[in-house]
Structure formats: C-alpha cells, structure tokens
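Position 1 is the first residue of the sequence; numbering continues from there.
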Amino acid sequence: MAPTGVLLLAYGSPERPEDVEPYFTHIRGGRTPSAEAVAHLRERYERVGGGTPLLRITQEVREALEAELNDGAGEPAYRVHAGMKHWHPFAGDVMRGMAAEGIRRIVVLPLAPHYSHISIGGYRRIVDEAQAALGDPFEIRFVESWHMEPAFLDLVADRVRAALPAFAAIEPERTVCVFTAHSLPERIREWRDPYESQLHESSEAVAKRLGLRHWRIAWQSAGSTGEPWIGPDILDELDAMKRAGFAAVLQVPIGFVSDHLEILYDIDVEAAGRAAELGLAFARTRLPNADPDFVRTLARIVTAA
C-alpha cells in the first residue's frame, strides 16, 4: 500500500533581504506594497540577520517527524512533506509532488495550534484549491486545531518552568507570565471565530498545570491595515504591568511553535526593548522548533487524525 502522506503547513518567510518584496506582495494577494512598506519590513528582517530560520526549522521538523512516525516499521508507512502559505515551497506545489509520488491519503497539519477562519481557514482554502486543481487525488484529514493536545500543554508548561528561575532574585509576587499569540482583526468576533476562546483555554490549562497566580493574555504582531485589531498589544500590556507593580515579565508565545520574525524581532527586539525602557526584568520561553518532545507531540496528533 502507498504510505500515508503528512503535509505540514507553515506561513513562510523570506530567507534573504531581496526576497522581502515578492514575499510581501504574495501576502497582499499580488498587490505591490509601497516602497516605504517594503523598506520597513526589510529593515526588520535585517535586524534579525536578513532572514529567519523558519524554513530550515520546518524542514528539520519534517525529517524528524517522518523518522518518528516510521520508527520500528518494516516499510515506511508515512511520507512527510512541508509546504508554505506565502513562500517557497508553496503548499500547492508540494501537493502536486505528493500526488506524483502516488500518495492518496494525507493528513494536513498546520504548525499553529489555534484555529481562526483567517489563519487556519486560509490554509484550508489553499489545500482545497490544490486538491481541486489536481483532480481530487487525495483523501484528506485536515487537523483544524490542536490547542488542547495534552502533550503540547505539557511542553509549554515545561518551557515556563525552565524560564522562571531567571527571575529567582525577584519576589514571586512581582513576577507575571504573559501568554501571547498573533493578533487578528477584531472583525473575527462577528463570525464567532474560536481563536480568542481557544487561546484562553490553552493558556488557562498551562497556568493550572503550573499553579500560576499571576498570568495574563496579550496580543502581538498586529498588522497595519487601518482596522482595529485584537488587544491589548504586548507593548501596551508591559506598560500596564509596570503600573501594576510587577518587576519581572515572562512572555510565553503560546500561539507560535517556531522562531521567525514575530519571535526574533517582535519579542526579542521590540518587547524586550520596551521592557528595558520600563526597568522590567524580561524573558521569553523557548520555542518548540524541532525539539524531540515537540516532534513526538506532532506524531501523536497525526496518528490520532
């Protein structure tokens, strides 16, 4: 029998400064951004080395997950592929290659734990369009969310435990954990989109595992689209926590699983810089990336699907 295919989906990220404009144009649906907007985004990438390791990390996850899923099998039962939404390798191209390999059953797993019609729904539309263009070759199992997967929650809790000793010299009552995810436009509330409620559910579950007394939820990386986005923004929340008397902030980016611009710049540069201006001790938890415990978590999700 042909192996089961697994398609990991990620957002995509330019790897070189010259890739920023075509990447940004793709995000905008083919509309060319202004020179000022491109320069602003390129400057952010240059601040973190010219590009991000998202593609490399995703490929490392792909390789490790395939090995994990096939561990002990005489013949490979799974073939794992990785596709991107807004950059190479594009998900539709990857699906074309999977069909050419003879794969007929696939599990599609977005590398983002919380569902939104805008984010994960966008991945689903790409998959459905590619499926139709190829003549419906696949039986598809699409994992829409995995924000309450126990192994994922345990992993995040372990990351928090590992990070909190950095604040050992500060009174526990003056330390707060802030769970963050990518902000989205407020209009998702009109659709009864589950994104906000899922973030609250997973954050609360981690806080309960740890017995946290002081924790909050904030948002980050909002776009500049001229419409209101979900808040409070982490930069504003840092101001609020300073006023509330906290001395240390641990940011827990629970909505992300890989190092990319929203981590390396929005947290490590912007949020860390604001915290320093306010005199707050600041750190963030380590991202799962391609760590073995995260790969095992993904394997559990795939086999369940």
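Other residues, nucleotides and ligands contribute over 12 non-hydrogen atoms within 6.0 Å of the CZ atom of Arg28. For His40, the NE2 atom is loosely surrounded, since the number of other residues' heavy atoms within 6.0 Å does not exceed 12. Around the CD atom of Glu75, the shell of radius 6.0 Å holds no more than 12 heavy atoms that belong to other residues, nucleotides or ligands. Sparse packing is recorded around CZ of Arg213, with 12 or fewer heavy atoms of other residues, nucleotides or ligands lying under 6.0 Å away.
Follow the hydrophobic side-chain contacts under 4.5 Å out from Phe138 and you never reach Val302; the two are in separate clusters. The cluster map of Ile, Leu, Val, Met, Phe, Trp and Tyr, joined by side-chain heavy atoms under 4.5 Å apart, puts Leu212 and Phe167 in the same cluster. Cluster annotation: Leu55 is not connected to Ile263 through the hydrophobic network of ILVMFWY side chains, with a link wherever side-chain heavy atoms come within less than 4.5 Å. Residues Leu264 and Val178 do not share a hydrophobic cluster, defined by chaining ILVMFWY side chains whose heavy atoms lie under 4.5 Å apart. There is no path of hydrophobic side-chain contacts, each under 4.5 Å, that joins Ile234 to Val269.
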Residues Thr58, Met84; criterion side-chain contact (heavy atoms from CB on, under 4.5 Å); working and verdict: CA-CA 10 Å; Thr58 306; Met84 302 290 167; 3.8 Å; yes

Chi angles and distances behind the side-chain contact (heavy atoms from CB on, under 4.5 Å) call for His81, Leu8: CA-CA 6 Å; His81 295 72; Leu8 301 177; over 6 Å; no

Verdict with supporting geometry, Arg159 and Asp293, side-chain contact (heavy atoms from CB on, under 4.5 Å): CA-CA 11 Å; Arg159 296 294 194 270; Asp293 50 359; 3.3 Å; yes

From CA spacing to verdict: side-chain contact (heavy atoms from CB on, under 4.5 Å), Glu139, Arg104: CA-CA 6 Å; Glu139 174 191 338; Arg104 293 294 175 260; over 6 Å; no

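Judged by the 6.0 Å distance and 45° axis criteria, Lys85 is positioned over the aromatic ring of Tyr123.
Between Gln59 and Arg56, the side chains place no donor N or O within less than 3.5 Å of an acceptor N or O (distance only, hydrogens not considered). No donor-acceptor contact under 3.5 angstrom links the side chains of Gln220 and His182, judged on distance only.
In this structure, CG on Asn289 lies 5.5 Å from OG on Ser258, to the nearest 0.5 angstrom. Here CD of Glu277 is found 10.0 Å from CG of Leu238. Values are rounded to the nearest 0.5 Å. Atom-to-atom distance recorded for Leu250:CG and Trp215:CH2 is 14.0 Å, nearest 0.5 angstrom. Here the CE atom belonging to Met98 is positioned 8.5 Å from the CZ atom belonging to Arg79, to the nearest 0.5 angstrom. Taken from CZ in Arg216 to CE in Met241, the straight-line distance is 6.0 Å, to the nearest 0.5 Å. Put simply, CG on Asp233 and CD on Glu270 are 8.0 Å apart, with the number rounded to the nearest 0.5 Å.
Closest approach of Gln251 and Ala271 over heavy atoms only: OE1-CB, 3.8 Å. Glu237 approaches Pro232 most closely through the heavy-atom pair OE1-CG, 3.4 Å. Counting all heavy atoms, side chain and backbone alike, Ile103 lies closest to Gly5 at CG2-N, 3.7 Å. Across Pro253 and Ile267, no two heavy atoms sit closer than the pair CB-CD1, 3.9 Å. A pairwise comparison of heavy atoms in Leu164 and Cys177 identifies CD2-SG, 4.2 Å as the closest pair. Residue Leu184 comes nearest to Ser116 through the heavy atom pair CD1-OG, 3.3 Å, listed as atom of the first residue, atom of the second, then distance.
The side-chain heavy atoms of Leu261 and Val48, taken from C-beta on, include a pair separated by under 4.5 Å. Using a 4.5 Å cut-off on side-chain heavy atoms (C-beta onward), Leu7 and Val94 make contact. Side-chain atoms of Leu69 and Asp71, non-hydrogen and from C-beta on, never get closer than 4.5 Å to each other. The shortest side-chain heavy-atom distance between Val20 and Arg44 does not fall under the 4.5 Å cut-off. No side-chain heavy atom of Asp239 sits under 4.5 Å from any side-chain heavy atom of Lys242. Side-chain contact between Pro22 and Trp87: present, with at least one pair of heavy atoms (C-beta onward) separated by less than 4.5 Å. Within the 4.5 Å cutoff, the side chain of Ile120 has no heavy atoms near those of the His117 side chain. Looking at heavy atoms from C-beta onward, Val206 lies in side-chain contact with Ile254 at the 4.5 angstrom threshold.
When atom types are taken as modelled, the side chain of Gln198 and the backbone of Tyr115 share a donor-acceptor pair closer than 3.5 angstrom. Under the 3.5 Å distance criterion, the side-chain polar atoms of Asn70 are matched with a main-chain donor or acceptor of Glu66. Using modelled atom types, no side-chain atom of Ser203 and backbone atom of His200 make a donor-acceptor pair closer than 3.5 Å.
In summary, Glu43 and Arg47 engage in a salt bridge, as defined by a charged side-chain N under 4.0 Å from a carboxylate O. A salt bridge is absent between Arg189 and Asp193; no separation between the charged side-chain nitrogens and carboxylate oxygens falls under 4.0 Å. A salt bridge does not link Asp128 to Arg125: none of the charged nitrogens lies less than 4.0 Å from a carboxylate oxygen. Ion pairing between Glu190 and Arg192 fails under the 4.0 Å rule for side-chain N and carboxylate O.
The aromatic rings of Trp146 and Phe294 sit tilted relative to each other, their planes meeting at an angle between 30° and 60°. In this pair, Tyr45 and Tyr23 present their aromatic rings perpendicular. The plane angle is above 60°, beyond the 30 to 60° band. The aromatic rings of Phe256 and His260 are tilted relative to each other, their planes meeting at an angle between 30° and 60°. Using bins of under 30°, 30° to 60° and over 60° for the plane-to-plane angle, the ring pair Tyr195/His114 lands in the perpendicular bin.
In this structure, Phe90 has its ring center closer than 6.0 angstrom to the ring center of His26. Residues His214 and Phe246 place their aromatic rings such that the two centres sit under 6.0 Å apart.
When each of Arg209, Arg296, Lys208 is checked for a salt bridge (charged side-chain N to carboxylate O under 4.0 Å, His left out) with Asp154, only Arg209 meets the rule. For the side-chain hydrogen bond (donor to acceptor under 3.5 Å, both in side chains) criterion with Ser13, the lone passing option out of Asp259, Asp19, Thr52 is Thr52.
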